[in-house]
Undergrad: 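Please see the structure below; I have some questions.
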Amino acid sequence: MTDASMNPGARRLAQNLFCTIACATSGVALAAEDAVSRFVDYYQKAYAEGRDLIPAPQKPLDISSIVERLNLLSITPEGALSGSAFLDSDGTIVKLAGAQGCLSTEQVEFAGLQTTCSMVSLAGLTAELSEAGTAAGNAFPCHFLGQNAGAPTVRFAECFFMKDGETQSLSQLLISMGVAFAARDRSGRALFPEYAETEERAQNAKAGIWANAHFTHPYGERYRTNPSMN
C-alpha cells in the first residue's frame, strides 16, 4: 500500500497510525504516573506480545437487544487496551462485541512501516478512539450486550459516533479499515452478519492488514478464505 494508492481519508489514518505504532514500538517507555496509565500500559504491552488479557464473554451476549431495545449510555474512553477493547473512565473494560483485533505478532507492513499485526490493530483503535472522542467531546454512546463477573469488570458493547454527518459503528469502522476482523462465535458464525460482509469488502480492497499477502487470521485459514461465512 503506497501513499499514491490511498484516498485522503486513508492517508490521514495512515499518518495517525504511523505515529501511534512508532511511539509504541520505539522501545521508549513513558513513565506511568498513575494507576490508570499503569493499567493501560500493562494491557497494551501484553497485547503487543500477542497476549490478550481480556476474557471472552462468560455468558452468551444478548445480540437481539441492539435491535429490540436499544439503550445507549455515554462512555469516556481512557485508552485502548487491545485491538478491540478500551478502558472506560469508570474503571471498567469495554470490549467491542462485533470486532476482534489481530493478535498475531507476525511482521506486516503498514503505511511504509514494518510492524506487527497486533500493533496495527492496537494503533487502529487508539486512533479511532481519539477521533471519535474529539468529534463527540471525548464521550460517545455505547449499547451494552452483557458483562463478565469479577474484577476488573468487562462489559461487551457496540459503540457509535458521528462521522461525516452519519452515525457509525466503531466496530464496523475498524473492520472496514482492515485493522480488525468481524467477531464470530465458536461455530464460526459472525455475531453481526453485516460486519462479515464489511470484512470481505476490506479484504477485496486490500485495506489495512489485508494489503499483506500473509498473516494469521484470528479465526483461522478457514474464515480468512471465506470471511462472510455465517
Undergrad: Under 4.5 Å between side-chain heavy atoms, hopping through other hydrophobics if needed: is there a path connecting Leu103 to Ile54?
TA: no
Undergrad: Mind running side chain to side chain contact (heavy atoms under 4.5 Å, CB included) on Cys159 and Val94 for me, showing each step along the way?
TA: CA-CA 9 Å; Cys159 299; Val94 177; 4.3 Å; yes
Undergrad: Would you say Leu129 and Phe160 are hydrophobically clustered, going by side-chain heavy atoms of ILVMFWY under 4.5 Å?
TA: no
Undergrad: Restricting to salt bridge (Lys or Arg N to Asp or Glu O under 4.0 Å), what partner residues turn up for Asp52, sequence neighbours left out?
TA: none
Undergrad: Is the backbone N or O of Glu194 less than 3.5 Å from a side-chain atom of Thr198, with the two atoms forming a donor-acceptor pair by type?
TA: yes
Undergrad: Nearest 0.5 Å, please: how far is OG in Ser171 from CD in Gln100?
TA: 10.5 Å
Undergrad: So if you build clusters from Ile, Leu, Val, Met, Phe, Trp, Tyr with side-chain heavy-atom gaps below 4.5 Å, do Ile63 and Leu96 land together?
TA: no
Undergrad: Which atom pair, heavy atoms only, marks the closest approach of Ser121 to Cys102?
TA: OG-N, 2.8 Å
Undergrad: Is the backbone of Asp62 close enough, under 3.5 Å, to the side chain of Ser65 for a donor and an acceptor to pair up by distance?
TA: yes
Undergrad: Quick check for you: to the nearest 0.5 Å, what is the distance between Ile209 atom CD1 and Gln203 atom CD?
TA: 12.0 Å
Undergrad: Side-chain donor-acceptor contacts of residues 70-79 below 3.5 Å, not counting sequence neighbours, with atom names and distances?
TA:
none

Undergrad: Can you tell me how far CZ of Phe181 sits from SG of Cys117, rounded to the nearest 0.5 angstrom?
TA: 5.0 Å
Undergrad: Quick one: do Leu122 and Leu87 end up in the same hydrophobic cluster if we chain Ile, Leu, Val, Met, Phe, Trp and Tyr together by side-chain heavy atoms under 4.5 Å apart?
TA: no
Undergrad: Start with the C-alpha gap between Asp88 and Arg155, add the side-chain angles, then the distance that decides, and say whether side chain to side chain contact (heavy atoms under 4.5 Å, CB included) holds.
TA: CA-CA 10 Å; Asp88 188 9; Arg155 298 189 292 172; 3.1 Å; yes
Undergrad: Could you grab the distance from atom CZ of Phe140 to atom OG1 of Thr167, nearest 0.5 Å is fine?
TA: 13.0 Å
Undergrad: Give the intermediate values and the outcome of side chain to side chain contact (heavy atoms under 4.5 Å, CB included) for residues Thr115 and Gln107.
TA: CA-CA 6 Å; Thr115 183; Gln107 288 289 310; 5.7 Å; no
Undergrad: Measuring from Glu128:CD to Phe86:CZ, what's the distance to the nearest 0.5 Å?
TA: 12.5 Å
Undergrad: List the atom pairs, donor and acceptor, that lie under 3.5 Å between side-chain atoms in residues 144-153 and the rest of the protein, sequence neighbours left out.
TA:
{"unit_1": "Asn148", "atom_1": "OD1", "unit_2": "Gln58", "atom_2": "N", "d": "2.8"}
{"unit_1": "Asn148", "atom_1": "ND2", "unit_2": "Ala56", "atom_2": "O", "d": "3.0"}

Undergrad: Which atom names give the shortest non-hydrogen contact between Thr116 and Thr105, and what distance separates them?
TA: CG2-O, 3.5 Å
Undergrad: Might you point out which heavy atoms bring Ala85 and Ser82 nearest each other, and give the distance in Å?
TA: N-OG, 3.1 Å
Undergrad: Are Leu81 and Leu53 connected, step by step, through hydrophobic side chains (Ile, Leu, Val, Met, Phe, Trp, Tyr) whose heavy atoms are closer than 4.5 Å?
TA: yes
Undergrad: Could you pull out the closest heavy-atom pair between Gly208 and Asn212, with the gap in Å?
TA: O-ND2, 4.1 Å
Undergrad: Report yes if the side chains of Met177 and Leu174 come closer than 4.5 Å at any heavy-atom pair, otherwise no.
TA: yes
Undergrad: About how many Å separate CG of Leu113 and CE of Met119, when rounded to the nearest 0.5 Å?
TA: 9.5 Å
Undergrad: Just do the side chain to side chain contact (heavy atoms under 4.5 Å, CB included) check on Glu158 and Ser169 with the steps written out, would you?
TA: CA-CA 7 Å; Glu158 279 299 280; Ser169 157; 3.4 Å; yes
Undergrad: Would you say Val179 and Leu125 make side-chain contact, with heavy atoms under 4.5 Å?
TA: no
Undergrad: Do the two ring centres, one from Tyr43 and one from Tyr47, sit under 6.0 Å apart?
TA: no
Undergrad: Are Asp41 and Lys45 close enough for a salt bridge, meaning some N to O gap below 4.0 Å?
TA: yes
Undergrad: Cys142 and Ala157: which non-hydrogen atoms are nearest, and at how many Å?
TA: CB-CB, 4.1 Å
Undergrad: If I compare all heavy atoms of Pro55 with all of Val154, which pair ends up nearest, and what's the gap?
TA: CD-CG2, 4.1 Å
Undergrad: Say whether, by atom type as modelled, one donor and one acceptor occur between the side chain of Glu199 and the main chain of Ala182 under 3.5 angstrom.
TA: yes
